[in-house]
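Data first, discussion second: the structure below is written as structure tokens.
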Number of protein chains: 2
Amino acid sequence: MTIHPRNEFSSMAAGAALALPIPGFPGPVQPTSLYPTGSEIYAQGELADSLYQIDFGCVRVYRLLADGRRQISAFHLSGEIFGFESGNTHHFFAEAIGATGVRVLRPGPGMEISQAILPLALQGLVRAQEHLLVLGRQNAAERVAAFLLDMADRQGGLECFDLPMSRSDIGDYLGLTIETVSRVFSKLKEKGIIRLPNLRSVEVVKWQTLRNLSE
Amino acid sequence: MTIHPRNEFSSMAAGAALALPIPGFPGPVQPTSLYPTGSEIYAQGELADSLYQIDFGCVRVYRLLADGRRQISAFHLSGEIFGFESGNTHHFFAEAIGATGVRVLRPGPGMEISQAILPLALQGLVRAQEHLLVLGRQNAAERVAAFLLDMADRQGGLECFDLPMSRSDIGDYLGLTIETVSRVFSKLKEKGIIRLPNLRSVEVVKWQTLRNLSE
DNA sequence: CGAGATCTTGATCTGACTCAAGAGTCGTGG
DNA sequence: CCACGACTCTTGAGTCAGATCAAGATCTCG
């Protein structure tokens with residue numbers, strides 16, 4: 001297992017870009033802030049009073065054990081909204097993977113935000129519960145297949161797509177070591193199921209085989 | 001791994017009891033229905049237009065793989081509300097564990113249910129994401145310890161509490177086999193951390209040791 | 001071009017799974 | 001009340017998928 005010391009690199013988001021209104025969201029919308037590679041967006045224990053929408057880039061949301069073991073509970077891509085919490089403090093860490101533009105959605109006091117965000121929160125709940133099945137009951141190949149299909153799907157279903165995150169991130173999302181992730185990638189490539197044009201992108205050749213793998 | 005063939009036993013909930021209003025819930029409240037041991041409350045793919053509140057008993061919510069592998073995503077105890085879904089169909093199965101009284105909360109058409117249930121949905125989201133850490137990064141002893149602490153906490157923190165579910169259910173919740181669950185229970189007993197007055201209840205003797213185990 | 005990350009691959013180890021058998025528990029009916 | 005049968009749970013022995021440990025290879029970017 002890779003150990004991840006708590007990231008000390010503070011966010012210092014450089015202001016940027018123009019504000020786009022979010023459909024159905026009632027609060028004031030902030031302009032996009034740029035988070036550099038690896039910078040923290042929020043930390044466990046911090047006050048949670050906003051939601052975040054990604055303009056470009058990718059975010060990892062995770063939790064740590066005392067000894068540094070890490071579990072990434074979700075990756076969020078361009079357009080997605082994250083930062084839902086129960087109570088008013090964050091239960092997780094969120095960090096930018098690569099340079100990422102994030103827009104903060106801060107509901108005004110007494111604002112009725114729930115109607116707009118409930119479907120998003122519920123979608124997150126269903127996704128997390130579906131990921132439990134992957135972590136609890138699927139083997140390494142099935143986990144990687146499910147991950148690739150999910151990433152492809154969320155990037156529009158194109159045969160070739162980006163993997164903005166490292167093997168270490170993928171391992172910590174799938175509950176595997178980086179070595180096991182790497183071995184499964186190699187095996188899938190060797191069987192002609194995927195191609196790896198470079199380290200950070202994947203081309204799916206045999207969709208059905210991949211789907212069968214993830215069951 | 002234990003294989004669970006799809007439960008064919010249909011729900012046939014016998015009507016019962018009196019209606020108690022749920023604070024903050026705007027829709028009409030149904031009287032309690034009794035679900036016998038093992039009966040289905042809803043199935044994956046069914047129309048999802050209600051929430052459910054438990055009067056007494058316990059419910060398991062789970063998903064199945066094609067070959068019968070099962071992952072229980074949550075147990076719900078007396079007083080708790082479950083059945084949150086994204087879209088209008090169920091993504092999971094829900095079954096009564098033992099005889100269980102469930103009250104159906106059916107929001108009227110166009111009803112503003114979100115304000116009342118958002119905090120509950122978010123709590124479910126946080127719990128599911130925290131459980132991801134258990135399944136992805138903790139070993140068998142840590143998983144069982146976390147489970148026992150959670151069950152104790154949700155039953156009021158008493159030193160002695162019920163385990164309404166079987167070892168098989170616990171295994172399918174923690175991503176372990178029943179044999180491994182049983183071995184960890186035996187080991188905890190042998191070390192004097194817990195006592196097992198009978199198969200379906202636990203007494204925690206050394207809380208701090210258990211907490212240290214779950215990290 | 002070079003240094004540090006990141007990734008891949010190989011060899012070995014181990015925690016949890018599988019298979020198997022026995023013990024305990026519960027409900028039913030004689 | 002006890003005997004029987006069917007579960008459920010526990011325990012043991014052996015196996016295996018994925019972790020760990022250890023080199024190398026490749027990529028990135030100043």
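Quick note on labels: first sequence line is chain A, next is B, and so on, each numbered from 1. Note: hydrogens, waters and symmetry copies are ignored here, and every other heavy atom, side chains too, is used. Here the structure is a predicted model, which is why all the values come from computation and not from measurement.
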Next item on the list: State whether the distance check finds a donor on one side and an acceptor on the other, under 3.5 Å, for side chain A:Arg183 versus base D:dT20.
Entry: yes
Next item on the list: Could you tell me the separation between the CD atom of B:Gln138 and the P atom of C:dG15, rounded to a whole number of Å?
Entry: 16 Å
Check: Of all the nucleotides listed (C:dC17, D:dA19, C:dT8), which has the minimum atom distance to the side chain of B:Thr177?
Finding: C:dC17
Check: Rounding to a whole Å, what distance do you find between B:Asp169:CG and D:dC7:C1'?
Finding: 14 Å
Checklist line | Residues A:Glu80 and A:Arg154 bridged, charged N to O under 4.0 Å | finding: yes
Note to self: Side chain of B:Ile178 only, heavy atoms from C-beta on: which candidate in D:dT10, C:dT9, D:dA19 is closest?
What the structure shows: D:dT10
Next item on the list: Could you check which of C:dC17, D:dT20, C:dT6 has an atom nearest any side-chain atom of A:Glu179?
Entry: D:dT20
Margin query: For B:Arg200, I'd like to know if atom CZ has over 12 heavy atoms of other residues, nucleotides or ligands within 6.0 Å.
Written below: yes
Check: Want to settle it: does A:Thr180 or A:Asn198 sit nearer the 5' end of DNA chain D, counting the closest nucleotide to each?
Finding: A:Thr180
Next item on the list: Remember a base hit wins even if backbone is also touched, and classify A:Gly175 as base, sugar-phosphate or nothing at under 4.0 Å, heavy atoms.
Entry: sugar-phosphate
Item checked: Whole-Å gap separating P (D:dA19) and CZ (A:Arg69) -> 13 Å
Next item on the list: Indicate whether OP1 or OP2 belonging to D:dC9 is found under 4.0 Å from a side-chain N or O atom of B:Ser168.
Entry: no
Margin query: By nearest atom, which of the nucleotides D:dA19, C:dT8, C:dT25 is closest to the B:Leu199 side chain?
Written below: C:dT25
Checklist line | Minimum-distance nucleotide to B:Ser182 side chain [options: D:dG18, D:dT11, C:dC7] | finding: D:dT11
Next item on the list: Round to the nearest Å and state the distance from A:Lys189 atom NZ to C:dT9 atom C1'.
Entry: 12 Å
Next item on the list: Select one nucleotide: of D:dT11, D:dC9, C:dC7, the one nearest the side-chain heavy atoms of A:Ser166.
Entry: C:dC7
Check: With side chains defined as the heavy atoms from C-beta onward, is the minimum distance between A:Leu65 and A:Gln71 less than 4.5 Å?
Finding: no
Check: For the pair made of CZ in A:Phe185 and C1' in D:dT26, what is the distance, rounded to whole Å?
Finding: 16 Å
Notebook entry, point to check: What is the nucleic acid contact for A:Arg200, judged by heavy atoms within less than 4.0 Å: base, sugar-phosphate only, or nothing?
Noted result: sugar-phosphate
Margin query: Applying the ring-ring contact (aromatic ring centres under 6.0 Å, His included) criterion to B:Tyr42, which one of B:Tyr62, B:Tyr52, B:Tyr35 satisfies it?
Written below: B:Tyr52
Item checked: B:Ile170 CD1 to D:dT8 C1', straight-line distance once rounded to whole Å -> 12 Å
Next item on the list: Round to a whole Å and report the spacing from CE of A:Met165 to P of C:dC7.
Entry: 11 Å
Next item on the list: Determine, for A:Phe92 and A:Arg63, whether the Lys NZ or Arg CZ falls below 6.0 Å from the six-membered ring centre while staying within 45 degrees of the axis.
Entry: yes
Check: How close or far is atom P of C:dT8 from atom CZ of A:Arg167, stated in whole angstroms?
Finding: 4 Å
